[in-house]
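Reading through the structure tokens given below for one structure.
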Amino acid sequence: STQLLQTTILNEQFLNIDYSKYTSSVAAIHQHLENTKDELTGWLNAPLEDNHELIHSILSVANEIKDNADVLVVIGVGGSYLGAKAIQDALTPYFGVHPNGIEVVYVGQNMSGAYIHHLLKSLEEKEFYINVISKSGSTMEPALAFRVFRQYLEDRYGEDSPQRIIVTTDPEKGILKEIADFHGYRQFEIPCTIGGRYSVLTAVGLLPIAVAGVDIIQILAGAKHAAILLKDGNIEHNEAYRYAVSRYELFLQGYKIELLASFEPSLANFHDWWKQLFGESEGKDKKGLFPATVNFSTDLHAIGQFIQDGNPILFETLLHFHNIKDDYIVPFNERDEDNLNYLSNRSFNNINATSKQGTAIAHAEGGVPVIQLELERLDAYHLGYLIYFFMKACAISAYLLDVNPFDQPGVEAYKNKMLELLKQNEN
Ligand code: PA5
């Protein structure tokens, strides 16, 4: 298999990163990850396993939904929705729906009453299905949304409603599992060995994106390519490990914020998926890089000043796809009143790529460390590859910091306080 992703550090000499000093520690961490049985590492080899049956049932449910609904309402939060939304936005049109899919909308990722109200209103004239996704089955945001949308669906479809509710949850336990068993809702499982933020390549991500029209077979093939290639414990050959060590070294040098940047706005939600993956995996025991994200060129007009010239606390990880499927050519204009004819006949994607090049050089020259991650094209195969690449790099990154990549004890604090307050104010 060939590498689909190139990692380059633009100002490596000045940063002086000596990868060879990590050879043995990375090999040891690699072995630990490969051998550990009692942690949430099911995602590691999942792309290498036979998944024909799962793909078949996801595709058949997805086809049924596409045939019988205008909209799929996905209910989930955190790892139970970010990955699907990320892939959907990256691979479906900016406006309207994909020719092979239907509209897929998300709820239960916030507690805005206005959001719920507006979404319910928008469903009035439409046929819909629900896919509720929650591993624990009891997270407040999706649980409340499920209460509302299930009730609405039952009012609309009466005795046909169980057919229109698909539950993705733990195969053994949880209140959502009990509800699904009791009412006979169809279920997909989130394997016990896969935690929320590592679950996008399971039914959690695959069912919603299949309904949105994304080719899930290509996503999984790209992930498999990465799983084979990145199984090498040698940092010299493993781009994910090289990226993990680069960011760790930068962290040690005092750069405390990693800014993920790209020049394609459809990747904004992919950034959010990445932010959760790294933020929840690394940010504990008072350690970790703060994961931040920007969309260029938009944010060059907002936060570009800070990146170039401000407090030198951040480094930039520039994600770049060389080929974006659709494009537009700048037209020639007889009058040239705007003096832009020097750009006529150039494509927007070409101008955008040049702006990326200029930005990377300017930031690097301004003293901002720039890691470039480059892939050939923005398609399902490369995105599947990139997702696995980041999950692998993230696990290694957390182990480099000596923290557990698979837990999130800090998330409980706000939940406990919120519950305490809600119970105090019970009406
Ligand atoms: O990464 C994680 O584990 C979390 O972000 C969860 O995905 C999120 O809290 C949702 O949990 P659940 O799927 O149990 O509703």
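Indexing begins at 1, ligand by ligand and atom by atom, following the structure's order.
- The existence of a salt bridge linking Arg242 and Glu236 is excluded, since no basic side-chain nitrogen approaches an acidic carboxylate oxygen closer than 4.0 Å.
- Ser136 and Asp170 are not linked by any side-chain donor-acceptor pair at a separation below 3.5 angstrom, with hydrogens and angles left out of the test.
- For the pair Lys392 and Tyr241, the cation-pi criterion (under 6.0 Å, within 45° of the ring axis) is not fulfilled.
- Gln218 and Asp379 share no side-chain donor-acceptor pair at under 3.5 Å.
- Atom-to-atom distance recorded for Lys415:NZ and Glu420:CD is 15.5 Å, nearest 0.5 angstrom.
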**OP:** Run the numbers on Tyr157 and Glu127 for side-chain hydrogen bond (donor to acceptor under 3.5 Å, both in side chains), then give the verdict.
**Re:** CA-CA 10 Å; Tyr157 296 102; Glu127 305 299 330; 2.7 Å; yes

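- When heavy-atom distances to ligand 1 are checked against 4.0 Å, the residues falling inside are Val77, Gly78, Gly79, Ser80, Ser134, Lys135, Ser136, Thr139, Gly196, Arg197, Gln276, Glu280, Gln408, ordered by chain and number.
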